[in-house]
Amino acid sequence: MDMVETLKKAGIIPVIVIEDEAQAVPLARALVKGGLPVLEVTFRTKAAAGAIAAIAREVPEAVVGAGTLLTPAMVKAAKAAGATFGVAPGFDPVVVQAAKDADLPFCPGVATASELSQALTAGAPMVKFFPAEAAGGVKMIKNLLGAFRFTGVKFMPTGGVNLSNVGEYLAVPEIVCCGGTWIVPKDALKAGDWAAIEKLAADAAAIARNR
Ligand code: 3PG
């Protein structure tokens with residue numbers, strides 16, 4: 001899959017922290033129905049691999065990736081579960097190599113010019129800018145682009161992005177998409193409130209469509 005194109009088309013990527021594997025399929029269906037079919041399931045919980053496998057198996061309209069991949073073992077587990085892309089909050093050349101070895105399209109994280117430079121050297125086609133708001137937000141990305149635009153680098157800002165500021169990010173052409181947990185709030189997930197999550201996805205999707 002062409003990771004950059006797929007993420008660009010979606011515009012906004014729900015970042016999912018799931019504790020109960022049984023919720024994966026109804027959650028993915030609600031997000032797809034709301035208009036956000038590209039999902040990042042973070043490897044922060046024990047349910048992550050099972051959730052990815054269930055979505056890959058039962059929700060063919062969704063494109064499921066794995067987030068918070070911090071080690072080669074996590075990369076392997078994500079690939080085995082059926083993730084079609086991987087994301088990390090930071091840049092670690094060992095993990096980037098593991099993703100290459102596993103043939104998993106991969107988006108490492110950066111927050112500084114030095115990390116961005118290393119990620120480009122490692123061959124990353126795009127980077128997660130994390131934690132976006134705390135690390136300087138749109139202003140920081142625009143400043144980084146001043147030096148790096150000619151490389152063709154593309155960004156996925158995540159961390160503190162929400163419905164009120166996502167439009168500002170998506171207005172920057174080099175920003176492929178934004179990620180965020182606001183579309184899948186803990187309480188709504190716990191309650192299995194799929195209608196609420198579908199509505200949050202629809203509100204986000206409307207902004208992504210109008211970029
Ligand atoms: C991530 O994992 O990408 C971030 O923790 C998401 O940040 P947010 O909760 O501010 O959206």
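Both counts, for ligands and for their atoms, begin at 1 and track the order of listing.
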Atom NZ of residue position Lys100 - does it have more than 12 heavy atoms of other residues, nucleotides or ligands inside 6.0 Å? yes

Strictly distance-based, threshold 3.5 Å: is any side-chain N or O of Lys128 a donor or acceptor partner for the main-chain N or O of Val110? no

Residue of the set Ile12, Leu170, Val166 for which side chain to side chain contact (heavy atoms under 4.5 Å, CB included) holds with Arg211: Leu170

Rounded to the nearest 0.5 Å, what's the gap from CE on Met3 to CG on Leu104? Could you check? 8.5 Å

Tell me the residues surrounding ligand 1, counting only those with a heavy atom closer than 4.0 angstrom, sorted by chain and number. Val15, Arg44, Lys128, Phe130, Thr158, Gly159, Gly160, Gly180, Thr181

Exceeds 12 heavy-atom contacts within 6.0 angstrom, atom CD of Glu168: no

Thr158 side-chain N/O to Phe130 backbone N/O, donor-acceptor pair under 3.5 Å: no

